[in-house]
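What follows is a short report on a single structure.
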Protein chains: 2
Amino acid sequence: MKTGDQGLVKKINKSIVLSNIQTQSPISRAQISKVTGLNKATVSSLVSELIEEHLVDEIGAGLSSGGRKPMMLFFNQNAGYTIGIDLGVNYAFGVLTDLKGNVIQQDEVVITDTDEEIVFAQLKDLAQLLIDKTPACPYGLVGIGIGVPGMINNEGVILFAPNMDWHNVHLKQYMEQHFNVPITIENEAKAGAHGEKIYGAGRASSNLIYVSIGIGIGSGIIIEDKLYKGTSGISGEIGHFSIESNGRKCPCGNKGCWELYSSEHALLEKTAPLFPNEKNVNLSFLIQQAEDGNPQVINAFDQIGEYIGIGLTNIVNTFNPEQIIIGNRLARLEPWLRNPIQRVFKQRLLPYFQDSIALTFTDRSKNSCALGSAAFSIEKFFATNKVTVV
Amino acid sequence: MKTGDQGLVKKINKSIVLSNIQTQSPISRAQISKVTGLNKATVSSLVSELIEEHLVDEIGAGLSSGGRKPMMLFFNQNAGYTIGIDLGVNYAFGVLTDLKGNVIQQDEVVITDTDEEIVFAQLKDLAQLLIDKTPACPYGLVGIGIGVPGMINNEGVILFAPNMDWHNVHLKQYMEQHFNVPITIENEAKAGAHGEKIYGAGRASSNLIYVSIGIGIGSGIIIEDKLYKGTSGISGEIGHFSIESNGRKCPCGNKGCWELYSSEHALLEKTAPLFPNEKNVNLSFLIQQAEDGNPQVINAFDQIGEYIGIGLTNIVNTFNPEQIIIGNRLARLEPWLRNPIQRVFKQRLLPYFQDSIALTFTDRSKNSCALGSAAFSIEKFFATNKVTVV
DNA sequence: ATACTTAATTTATTAGTAAAACAAAGTTTT
DNA sequence: AAAACTTTGTTTTACTAATAAATTAAGTAT
């Protein structure tokens, strides 16, 4: 039980002030006071602390609205930097961002061998490369986050990453040994969900499910603005809920798992026979075919979309979320998936859900997994050092 | 954004003190100070307010442990009373409880006609009957809660109760007109989940799913100790997630819904042909048959249990909860359901989930729906009048 | 030039927790 | 049984943070 004291009050209010400056800047002290209801004096005092801590800058006077000009405040997004890495099965994509999530630098390495030690070394080099590009600033690098396609427990241990063939892998320890900053290892879909919630399409939603459809299907669950990790850290394994209770056996033990019908893997399996002479039937190839009007491919996309819709219906019935965001590789298929999904929603969802659900595809120009991973460190930084997150 | 001030601090601490007295009583001021970390003076001051508000009583001196005897404190559970009603399709069961959830009085009425006005009048009479039994006390009746088998929106409107044939029913308004206390209308499974979390088998779990298996299947989702209601208040409709994506059409619009295979309705449908001469094949009859060793009935129970296990597997994969509690009518089948469910878990769940999940059947001697409905009012009472719930 | 407006700081007040001193009521030691 | 110690709970004092009111600063409107 955490008791309350004046320090708590100050943390709360300081956090509110900072978050207002972050999201509404340029903003004056007077405006903050009006918006938050905090007394002008309180705002002034908290702002001056934030300025001393280099988290806020005075950027110059604003326009007068009939009286003294307000001094406009800016969030000093360059007070520190953070690294986020999206670790895939055959790539690792890293970003260096400022405290607002702006990408300062990015880099990608190709992974050809998923051997633990090789990948570890590649991740270390990728991080070092980005660290070397970190501009001089008061707080330096505040943390490194990595999104991994596997199950991560509450201690950050990678319990199982099927497509990497990893079991009980201690990436966190390895990174901590090499870099003296907080390390966050999180499931790729949870990181993606967080990225969408903080910086992406999910900012306005309190309850959203980010459905990561790649080789398999995972998800990140945001409930009341907060990532829900589950009791042991492995919530959201929705790729393995059964939509055919006695369907094909899945390696997970279950039968008829959703991802057997709706993932990139399922799509490739389904379409490969259409191109017996083509060695390299991959997603880009299929998209090209669809764009060229190949009816069989378009039909395959539609069928996958229908199965995706069936699974999403289950999610909506379970969570009653405001929004579902489709992420990862199959988000590229938006033009072909949106219709069948909406069609299934219309057929299968109760009317009460139909009105309240928004379907969004991730903006692939931003990597929400890498950004979300980076954002974890920013929150830890504020929570431990300066202000509480409200 | 709710800012912090000293009032907030006091609310938090007062709530902590009260909750310690509620759960640990008899307890002295000194002990509370030690347990909470609050200063002795702070505890004294907060306790004296609680005593003035009749929420806490000094019950006499305790045993000395080498010095002055401590004055033991008790939560005054009789400071107020609350009513909770479990509204079923053919019954309404009401309890009058004290502020600790002890049942003071209970009553049940039979519902033969689900016509809105008739049921409303029955509920009003049931509540009045319990009110008449309310002992004299400082706060009187602090609220009435009703758990309804249907979808309730955030404003307490019953959008749809299929088995009552209700659409857009304003029970809350009706009760408010007749009783001048806060009225809470909530879905039956959500109320049950809350009851289990506050008073029942789920007290120790932060993340739990209460699965109400009756005519249909609903659920209440507790996430981080809090009931998750969903964006429009209708989360947890897990009876309508599809486990046979192209299975039988369900009235909800979806196909192959879980409850078509796993509910009491499914069980009765499956077993009725076994007893062509029996007019009244109901749950009690089937249980009697199973107890008498009828292999066909036992087999039917096992099959239903398997389907329940398949659905629960989906839930575990999705939520990674600490605990699943089976509630409502089919909880009576625990002796026949536990094995097939555990069997399915063993076959279908990933090992990481197997360790962390506890399966519990509700204690049918307590009605968690009625108790949970009653508890809603207690929380509202403390939140609005005295202390915040922490 | 004077009166109004708005912004931000300074000063005084208030509310709540905490630390220390104290009072109350015991037990243990001699 | 007196003295010394313990534990409980209250009182006194100090401190911190928010707020209200007064003040200073820097404009605009007429």
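Throughout, a chain's letter reflects where its sequence line sits, starting with A, and its residues are numbered from 1.
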Verdict with reasoning, Lys172(B) to Glu155(B), per salt bridge (Lys or Arg N to Asp or Glu O under 4.0 Å): CA-CA 9 Å; Lys172(B) 185 174 175 184; Glu155(B) 285 73 46; over 6 Å; no

Salt-bridge present (Lys229(B), Glu224(A); N to O < 4.0 Å):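 Salt bridge absent between Lys229(B) and Glu224(A).
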
Polar contact flag, side-chain donor to acceptor under 3.5 angstrom, Gln31(A)-Ser28(A): yes

The single option from Ile21(A), Asn20(A), Ile27(A) passing side chain to side chain contact (heavy atoms under 4.5 Å, CB included) against Phe75(A):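 That would be Ile21(A).
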
Between Ser205(A) (side chain only) and Leu208(A) (backbone N and O only), is there a donor and an acceptor less than 3.5 Å apart?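 Flag not set: sc Ser205(A) to bb Leu208(A) has no pair under 3.5 Å.
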
5′-ward residue of the pair Gly66(A)/Ser64(B) relative to DNA chain D: Ser64(B)

Should Arg29(A) be listed as having a side-chain N or O under 4.0 Å from OP1 or OP2 of dT6(C)? no

Contact under 4.0 Å: Lys34(B) side-chain N or O vs dT8(D) OP1/OP2: yes

Base, sugar-phosphate, or nothing for Ser33(B), non-hydrogen atoms under 4.0 angstrom?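 Touches nothing.
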
For Ser65(A), report the nucleic acid contact type (base, sugar-phosphate, nothing); a contact means any heavy atom under 4.0 Å.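 The answer is sugar-phosphate, as Ser65(A) gets under 4.0 Å only of primed atoms, P, OP1 or OP2.
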
List the protein contact pattern of nucleotides 11-23 of chain C with one symbol per nucleotide (5' to 3'): B for base contact, S for sugar-phosphate-only contact, - for none; contact means a heavy-atom distance under 4.0 Å. ----BBSBB----

Could you tell me the separation between the [atom1] atom of [X] and the [atom2] atom of [N], rounded to a whole number of Å?
| X | N | atom1 | atom2 | answer |
| --- | --- | --- | --- | --- |
| Leu8(A) | dA18(D) | CG | C1' | 14 Å |
| Met71(B) | dG26(C) | CE | P | 10 Å |
| Ile27(A) | dA8(C) | CD1 | C1' | 15 Å |

Using the ring centroid of each side chain, check whether Phe319(A) and Phe319(B) are separated by less than 6.0 Å.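 Distance test on ring centres: under 6.0 Å, yes.
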
Can you tell me which nucleotide in dT27(C), dT8(D), dA8(C) comes closest to the side chain of Ala30(A)?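 Selected nucleotide (nearest to the side chain): dA8(C).
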
